[in-house]
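Read through the structure below, which is laid out as structure tokens, and then see the notes.
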Amino acid sequence: MSANTYQLSQEDKKFVGLHIFFAVLALSIGTLFGPLQALEHSGLDLYPYLQPLFKSYYQGLTLHGVLNALVWTTFFITGFLTLVVIVGLKRELRYPKLNRVGFWTMVVGLVMAAIPILLNEASVLYTFYPPLKAHWAFYLGLTLVVVGSWIEGYGFFFTFAAWRKENPGVRSPFIALAAVITMGMWQIATLGVAAEILTMLLPWSLGLIEGTDPQLARTYFWFTGHPLVYFWLLPAYISWYGMLPKQAGGKLFSDSLGRFAFWLFFLLSVPLGFHHQYVDPGVPAGWKFLHALLTYSVFFPSMLTAFTVIASLEYAGRQNGGKGLLGWIRALPWNNPSVSAQLFAGILFFFGGISGLANASYNVNLVLHNTAWVPGHFHLTVASAVTLSFWGISYWLVPYITGKKLLNEKTATWANWLWFIGMIIFSNAMHVLGLLGAPRRTPLGLAPYIPEEWSGHLLRVGIGGSIMFIGAVLFVVTVARTAWSKKAEPAEVEVPVAEAIHDPQDTPQWLDAFKPWLIGTIALIIIAYGPQLVDQIANISLNAPGGKVW
Ligand code: HAS
Ligand code: CU
């Protein structure tokens, strides 16, 4: 065991493990609907057979989106970041009870939101756009999940502040700083959805107000909805920068570039939500243009990440004896499922990044918006870059928490490959379908208007989706067997924390200071959102009565 890896106490291991348990549980249920939707697209509609249980395609799609995109991610992230803060700072949480309160608030919220979805009283999809109307318990439940994550975040901030006091003049450890930046960004980002739910959706669902303003609701939603995708992504980046280089046998290429990328995400994640609203009639074109420019800016820290992480991997590959221009790639430990999951995540993210660039262009977006292209894009991002990275993390995290060897590397490797191959087939077909005009969020198998040229791609959606599903089952089986099977052998597992090539103490001080970045972030949000928010709130018209469509 490496002397410089701080060990979590047994209680903290259990606490992190509880997060992972709820995360994987959500993924196991949410993923069940993936193949149902994919097969429906290729003409095999299984929903009628599930009738008493699930009322419609949209109830299934809501469960799929909420459980996978919102619950699997949020629970995994808060658990993983708890570990990152403790191990990174090499100290206990400052107020462990506060973090427990945050976590159980999230669990209460989860149960509260899940019940109306299961009863078909909240089949409003994961974006819950009004005038689609859900039961009030759904909105309150989501609020509690967010509030719980805030509280866990406060726990990280207090712990970080205590560390700073104890270590004056020392550069904060990269992974801990990155975790705190992620959570700080999240606190600002979620103000949009908090305003949406508390001022409109909750009073509306309780019958206190007659209607909502769908335009303002969308603006509030995407204030949170865009940075939400970086709340998912940044924990994966923490692993790519701060852990993967060590697992691959090398070091982090540049501590400064890593910090710089995280600060740029802090600065740029929020003020660009209008790229989801290019077609909204209520947002003037000038604001859409500004948000398009800012969207291209937030491309930059991901390019920095591609450069830095690949440089770190090249360093590792050459340390392992890789020669020549590309020989280092073969010399990476591909047989370690934790490493291969993250390499696949990065490879798929190249393509997800490119389709994001297409989305971000105003005039190209007019062709792609609301087509199958968009789920094609986000399955390469949240369902690949993020999800595969979280799988890779789980392959050492679950053994670390349980003190047992992964059971086993073979099933984990199969899970990665199947997800990777299935995703290539699925996402390519979805992108092509989008270009051919196939709408998203539509049970295409039932549609009477399917042109001949779609059918081969629809079939590929079904095939790719089914292969991915087998991969997901193998992932769940692997971590569940590791945690519970009597056959799992005991093992001492280390948290992989990568050293940087250069001493972090040489990193400039401005990359370790909150104040300038916080001021810049708030100023940019006021510039990019302030006038539009003032205008839309001043002209609010609560006249959409809403209803239940399916
Ligand atoms: Fe997006 C829609 C633009 C990134 C998620 N996005 C969505 C939706 C989701 C989502 C869920 O501008 C749908 C929302 C809905 O339901 O309506 N997105 C972008 C842009 C980026 C981007 C410009 N998106 C993400 C990430 C997501 C995500 C990340 C989740 C985690 N997206 C949009 C736009 C829309 C949109 C519009 C609206 C579309 C519409 O009309 O509705 C960028 O941040 C992407 C930058 C990425 C890169 C790639 C860098 C590559 C790296 C890989 C390194 C490789 C390694 C492996 C390490 C520049 C870092 C090496 C391996 C070896 C073997 C050596
Ligand atoms: Cu976005």
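As the structure lists them, so they are numbered: ligands from 1, and atoms in each ligand from 1. The chain is numbered in sequence order, starting from 1.
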Atoms of ligand 1 close to Phe349 [distance to a heavy atom under 4.0 angstrom, numbered from 1]: 29 (C), 47 (C), 49 (C), 51 (C), 52 (C), 60 (C)
Protein heavy atom at shortest distance from atom 28 (C) of ligand 1: Thr381 OG1, 3.3 Å
Heteroatom proximity flag, Tyr126 to ligand 1, N/O under 3.5 Å: yes
For Ala360, the ligand 1 atoms whose distance to one of its heavy atoms is below 4.0 Å: 12 (O), 37 (C)
Nearest option to atom 11 (C) of ligand 1, as decided by whichever heavy atom of Phe231, Tyr241, Phe378 sits closest: Phe378
Mode of Tyr230 contact toward ligand 1 - side chain, backbone, both, neither (heavy atoms, under 4.0 Å): side chain
Flag, side chain of Gln247 to backbone of Ser338, donor-acceptor distance under 3.5 Å: no
Numbered atoms of ligand 1 (with element) below 4.0 Å of Gly346, judged on heavy atoms: 53 (C), 55 (C), 56 (C), 57 (C)
Short N/O/S contact of His226 with atom 1 (Fe) of ligand 1 (below 2.8 Å): no
Contact (N/O only, under 3.5 Å) between His377 and ligand 1: yes
Parallel, tilted or perpendicular: rings of Phe223 and Tyr529 (30°, 60°): tilted
Residue, atom name and distance, where the atom is the protein heavy atom closest to atom 19 (C) of ligand 1: Gly356 CA, 3.7 Å
Protein heavy atom at shortest distance from atom 40 (C) of ligand 1: His369 ND1, 3.2 Å
Shortest protein contact, atom 65 (C) of ligand 1 (heavy atom only): Trp328 CH2, 3.8 Å
Among Leu343, Val229, Asn359, Val374, closest by any non-hydrogen atom to atom 33 (C) of ligand 1: Asn359
Region of Asn365 engaging ligand 1 - heavy atom pairs below 4.0 Å: side chain
Geometric class of the Trp72/Phe76 ring pair [parallel <30°, tilted 30-60°, perpendicular >60°]: tilted
Donor-acceptor under 3.5 Å (Gln215 side chain, Gly282 main chain): yes
Evaluation steps, ring pair (Phe, Tyr, Trp, His ring centres under 6.0 Å), between Trp391 and Phe475: CA-CA 7 Å; Trp391 288 11; Phe475 164 73; 4.7 Å; yes
Parallel, tilted or perpendicular: ring planes of Tyr237 versus Phe262, cut at 30 and 60 degrees: perpendicular
Angular separation of NE2 (His275) and ND1 (His226) seen from the Cu ion (ligand 2), to 10°: 100°
Contact atoms of ligand 1, heavy-atom distance to Met303 under 4.0 Å: 59 (C)
Aromatic ring pairing Phe307/Phe253, orientation class (parallel under 30°, perpendicular over 60°, tilted between): perpendicular
Within 45° cone and under 6.0 Å: Arg218 NZ/CZ vs Tyr129 ring: yes
Polar side-chain atom of His431 near backbone of Ser427 as donor-acceptor pair, under 3.5 Å: yes
Within-shell test, Trp222 vs ligand 1, heavy atom, strictly < 4.0 Å: yes
Minimum non-hydrogen distance to atom 17 (O) of ligand 1, winning option of His276, Arg330, Arg440: Arg440
Centroid separation Phe231 to Trp186 less than 6.0 Å: yes
Structural part of Thr295 in contact with ligand 1, heavy atom criterion under 4.0 angstrom: side chain
Test item: Ser355 side-chain N/O and Gly352 main-chain N/O as donor-acceptor pair under 3.5 Å: yes
For Ala306, the ligand 1 atoms whose distance to one of its heavy atoms is below 4.0 Å: 51 (C), 52 (C), 54 (C), 60 (C)
Phe75 and Phe22 aromatic ring geometry - parallel, tilted or perpendicular at 30°/60° bounds: tilted
Cation-pi, Trp204 ring and Lys133 (6.0 angstrom, 45 degrees): yes
Geometric class of the His276/His226 ring pair [parallel <30°, tilted 30-60°, perpendicular >60°]: tilted
Identity and distance of the protein heavy atom lying nearest atom 58 (C) of ligand 1: Val309 CG1, 3.5 Å
For Ser302, the ligand 1 atoms whose distance to one of its heavy atoms is below 4.0 Å: 46 (C), 47 (C), 48 (C), 50 (C), 59 (C), 60 (C)
Numbered atoms of ligand 1 (with element) below 4.0 Å of Leu233, judged on heavy atoms: 29 (C)
Test of proximity, Val386 against ligand 1: N or O pairs below 3.5 Å: no
Aromatic plane relationship, Tyr362 with Tyr278 - under 30° parallel, 30 to 60° tilted, over 60° perpendicular: perpendicular
Option of least heavy-atom distance to atom 45 (C) of ligand 1 (set: Phe299, Trp240, Phe221): Phe299
